[in-house]
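In what follows, every chain begins at residue 1, and chains take the letters A, B, ... in the order their sequences are listed. Predicted, not measured: the structure shown is a model, and the values here were computed from it.
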Amino acid sequence: MRRRSVVVVGAGPAGLAAADTALAAGADVTLVDSAERPGGQYHRMLPDAYGARAPEAVQHGYRSFERRVRRVLDHPRCSWWAGAEVWALERRDPGGAAPAAPAPSCPPPKVHVLAPAPGGGPRRRHVLEPDALVLATGAHDRVLPFPGWDLPGVCTAGAAQALAKGERVVVGDRVVVAGTGPFLLPVAVSLLEAGSTVVEVVEAGARARVARGWLGRPWELGAQAGKAGELLALTGVLARHRVPYRFGRAVVAARGDGRVEEVVTAAVRADWSVVPGTERAAAVDVVCVGHGFTPRLELPVAAGCALRPGPRGTSEVYVDVDDDQATSSPGVYACGEITGVAGAPAARTEGALAGWLAAGGAPRAGAVRALRRRRDQGRAFARRLAHAHPVGAAWPGWLRPDTVVCRCEETDYATVCAAAQDPTATEARAAKLATRAGLGPCQGRVCGPTIAELRHRHGTGQPPAGPTDPGSHHRPLAQPIRLGELARPPAPPAPDRPDLAHLPPEESGS
Amino acid sequence: MSPRLVPARDDSVRRTDHPLTVTVDGEPVPGIAGQTLAGVLLAAGRTAWRTAGSGAPRGVFCGIGVCFDCLVTVNGERDVRACTRRAHDGDAVTTQSRRSGDPGDARAGERP
Ligand SMILES: Cc1cc2nc3c(=O)[nH]c(=O)nc-3n(C[C@H](O)[C@H](O)[C@H](O)COP(=O)(O)OP(=O)(O)OC[C@H]3O[C@@H](n4cnc5c(N)ncnc54)[C@H](O)[C@@H]3O)c2cc1C
Ligand code: FES
C-alpha cells in the first residue's frame, strides 16, 4: 500500500508537533516554512552564523524543542523545506470554485511552494499534491492605531521580541511595552535581558480581571498550568528589575519629530474609554505595542476552510475545526494560533493531534484520548485569556480624525468613517477602492480587523459583510511572488522513504 | 542613537561574530553574518529608511514580514522585506519612497 503523504505548512510549535506525530503515524511528511530555521515565533532560533554556544539562554524549553527538531528533521520520511513559502493553494473540488459541500473524498488543495534552489540562484516553483494538508501558519501581533503609531520607533511587541530573540538586536534604550495580553511579559523580559531599560509595562485590562483570567479556578487549567506558571515567573522578573506592571492604562499617543520621543498613556475604564485628566507623558525611544494576535488566514481561506468568530468579539476570526482538528475543507487540518490563541503549549497539543489524524493514525488510541483532553484544556485556556484581555469597545475614543488607520495607504480615521457612512459604498470592496485602506502592499494584514470593526460600528445602510465572510481575508497570493518566478515551470517535488506507528514520547504521556 | 546589537562579549548566548558590510544608498554599513538587513540597519542606528506617500518616514513595524513597512531594494531587486532578508556581505541596499516625484518612487513598480 502506498504511504500517506502529509504536507505541513508552518514549523512553529504547532507545525513541528504535527510533523512529529504524522511521521510517528507512518506518513511521508513535507514540512515547509518560510523561515530558515524551524521554531516559529515562540522558538525563534538564532542564525547558524552566530555560532551561539548557549542558545538556551534566551529560549524557554529549549532542550525538548531541540530534541523534537532533531527527531523530525533527521527522520528518513521527512523532507524539510526551509526558507520556502507557500504562496497559493489550488482547490481540487470539481469546478474549482467553492461548491457548498465538496465531496468528503475530494483531496486537499495542491500546494504551490517557492523554495530556494539548492546552491543558490533564483527560487524554484514546486507543486505538491498531498493526501492531507496541515495548516499551522500562526499569527502576528494585532495593533490598534493611535495618534503617532506610524512614527519610527513604534513597533509591535512581536518585532521587539523577534529582533531580541532571533538576532540579539535591541530596539531601543528606554522602552514602554503596552497593549493587552500576557505576551507583553516575555517581550519586556527579553528587552531587559538584552539591556534595555523598560520604563513600564502598560496593560489596558483591569488587574482583578487579568488575575482572575490567568489564575482563577486553577483546577481547570490542567495542562495549561505550566503556561500560567511561566507568566507568574515573568512577573517576578519584572518585579526584580523594578519595572512597573500597570493595569487599566493604555497608550493613547506617541509623539516625536521623525521618530518617537515621547509616549502618552492614560487610565482607561473597562470599555477602554479614556479617563480625562489621567494622561501622562514619558520620554522613550521605542514603544512596543500588541493588542492580541491576528491569525494568518490567507491559506485556510484559499483552501476553502470555514471561519468562526473568536471569543474576543466580531472583528477577530479563526479557522473553525472539529474534534479532530479537521477544517470544513476535506483533507485539510488546522492547528496552533490560526484556530485560537492560547500560547505555545496549546499550539503544540493541537499540532500533535492534527498531525496524527491527518496521517491516518488510530483516532481512538489511549494516547490520542489524552491529547484530545489536553487540547480541550488549551481551548478553554484560550477562552480564559480572551476573557481576561478583551479589546474594549471604546478604544476609537483615542483616535483623532487625522490618525492614520491604514499604514500603507495612510488612510485616516475620518476617511474610513466617512466611507462607512457612504450609502454608495456599503460593500467592503467598494469602500476599499474609495479609501484605498487595505489596498497597500500589506493587503490589509495590519489594518484589516480594525477597518472591519470601524465599518461595522460606523456603517449605515446595509450591514457590512460579517467578519467570518472569507472575503475580507481573501488574498490571491498568500506571499509575494515575482513575475519571473511565476513564469518558470515547476520543479518536481522532492522524493522520500519508510517506518512504524506510535506517538512520540512527548505526546504519549498525558 | 538607540537600537543596537547586544555586544558579543556580554551576550548570554555566547556567539561569535563574523563581520560583513552592506551599502545603504552607497554608504557602507557594518553588520554581522546572520543578521537580517533590518537588524543591520537598526544596529547601525537607523530607525527609518523608507518614505511613505505623505513623506512620513518608515522603518520596522511588525518585524516578521507581515506589514511591508520595511521594504528596500537589494542588489536591484525591488520591494524586499528587510526584516526577513538575511544580509550578505556586499549587499547594495537602496532605500525606497512612495512619495511621487522622489527618486525611489515605488508606485511605478508596485504589484497589483
Ligand atoms: C513576532 C512574535 C513573537 C512571539 N514570541 C513569543 C514568545 O517569545 N513567547 C510566547 O509565549 N509567545 C510568543 N509569541 C506568540 C506565538 O504566536 C505563540 O506562542 C506560538 O509561536 C504559536 O505557535 P504556532 O505554531 O501556532 O505559530 P507560529 O509559531 O507563528 O508558526 C507559524 C509558522 O508558519 C510559517 N508560515 C506562515 N505562513 C507561511 C507560508 N505561507 N509559507 C510558509 N511558511 C509560513 C511562519 O514562518 C512560522 O514559522 C510570539 C508571536 C509573534 C507574532
Ligand atoms: S517590518 Fe513588517 S514586513 Fe518588515
Side-chain angles (χ1 to χ4, degrees), chain A residues 34-36 41 46-58 140-141 143 149-156 158-164 166-174 193-196 258-260 285-286 294 296 404 407-410 440-443 445-446 477 479-480 482, chain B residues 1-8 10-18 20 31-36 38-43 46-50 52-71 77-81 83-84 86-88 98 106 110-112:
Chain A
S34 48
E36 281 162 23
Q41 304 304 351
L46 291 162
D48 279 331
Y50 276 28
R53 279 162 295 147
E56 67 281 2
V58 293
H140 56 84
D141 297 78
V143 178
W149 76 307
D150 51 336
L151 281 172
V154 177
C155 65
T156 66
Q161 183 73 337
L163 284 159
E167 51 182 302
R168 309 303 287 145
V169 168
V170 267
V171 284
D173 283 331
R174 285 181 58 81
E193 190 278 337
S196 298
R259 58 162 305 166
V260 62
D285 54 22
V286 169
T294 302
R296 293 201 179 184
V404 164
R407 300 172 65 89
C408 295
E409 295 298 320
E410 300 180 288
C442 98
Q443 298 273 290
R445 285 177 175 87
V446 176
L477 303 182
Q479 294 286 338
R482 289 168 200 282
Chain B
M1 214 289 7
S2 62
R4 65 195 132 76
L5 187 65
V6 176
D10 306 337
D11 197 339
S12 55
V13 305
R14 300 174 56 212
R15 56 172 219 265
T16 309
D17 290 356
H18 303 282
L20 54 74
I32 61 168
Q35 275 184 300
T36 61
V40 170
L41 287 163
L42 284 169
R46 298 184 184 229
T47 54
W49 48 84
R50 195 172 66 84
S54 69
R58 291 277 196 274
V60 162
F61 181 65
C62 76
I64 58 165
V66 170
C67 76
F68 293 71
D69 260 17
C70 65
L71 296 182
E77 189 185 337
R78 289 201 67 93
D79 297 342
V80 173
R81 286 164 285 176
C83 68
T84 54
R86 294 262 166 242
H88 290 286
R98 292 184 91 202
E110 205 177 301
R111 282 180 305 274

Study note, to complete from the structure: Heavy atoms of B/R98 and A/C408 approach each other most closely as NH1-O, 2.9 Å
Review point. With a 4.5 Å heavy-atom cut-off, do A/R168 and B/S12 have their side chains touching?
Key: yes
Check your understanding: Of all of A/V143, A/V170, A/D150, which one pairs up most often with chain B through heavy atoms under 4.5 Å apart?
Key -> A/V170
Exercise for review: Any chance you could measure A/D48, atom CG, to B/R86, atom CZ, to the nearest 0.5 Å?
Suggested key: 9.0 Å
Check your understanding: Within a strict 4.5 Å, meaning less than it, do heavy atoms of the A/Y50 and B/D11 side chains meet?
Key -> no
Review point. Minimum heavy-atom separation for B/C62 to A/T156, with atom names?
Key: O-OG1, 3.3 Å
Exercise for review: Please report the closest heavy-atom contact between B/G39 and A/E167, naming both atoms and the distance.
Suggested key: CA-OE1, 3.4 Å
Exercise for review: Heavy-atom pairs under 4.5 Å with chain B are the metric here; pick the option from A/G51, A/G172, A/P152, A/A57 that has the most.
Suggested key: A/P152
Exercise for review: Return the set of residues passing side-chain hydrogen bond (donor to acceptor under 3.5 Å, both in side chains) with B/Q35 (not counting sequence neighbours), or none when no residue passes.
Suggested key: none
**Study point:** Minimum-distance pair of heavy atoms, taken over all atoms of A/A49 and B/A33
**Key:** CB-O, 3.5 Å
**Study point:** Value rounded to 0.5 Å, distance of CG in A/D141 from CD1 in B/I64
**Key:** 6.5 Å
Check your understanding: Under a 4.5 Å heavy-atom cut-off, does chain B meet the side chain of A/A194, its backbone, both or neither?
Key -> both
Check your understanding: If we only count heavy atoms from C-beta on, is the A/R259 to B/S2 side-chain gap below 4.5 Å?
Key -> yes
Practice item. Give a yes or no answer on whether the side chain of A/E410 reaches the backbone of B/A52 with a donor-acceptor pair at less than 3.5 Å. Key: no
Practice item. Considering only heavy atoms and a distance below 4.5 Å, find which of A/H140, A/R445, A/R296, A/Q161 pairs most often with chain B. Key: A/H140
Practice item. Grab the two heavy atoms, one from B/C67 and one from A/V446, that are nearest each other, plus how far apart they are. Key: CB-CG2, 3.6 Å
Check your understanding: Contact part of A/E56 toward chain B, heavy-atom cut-off under 4.5 Å: side chain, backbone, both or neither?
Key -> neither
Revision key, fill the gap. Applying side chain to side chain contact (heavy atoms under 4.5 Å, CB included) to B/D17 and not counting sequence neighbours gives B/L5, B/A8, B/R15, B/I32
Study note, to complete from the structure: Heavy atoms of A/V171 and B/P3 approach each other most closely as O-CB, 3.4 Å
Review point. If you tally heavy-atom pairs under 4.5 Å against chain A, which of B/R81, B/E77, B/R58 wins?
Key: B/R58
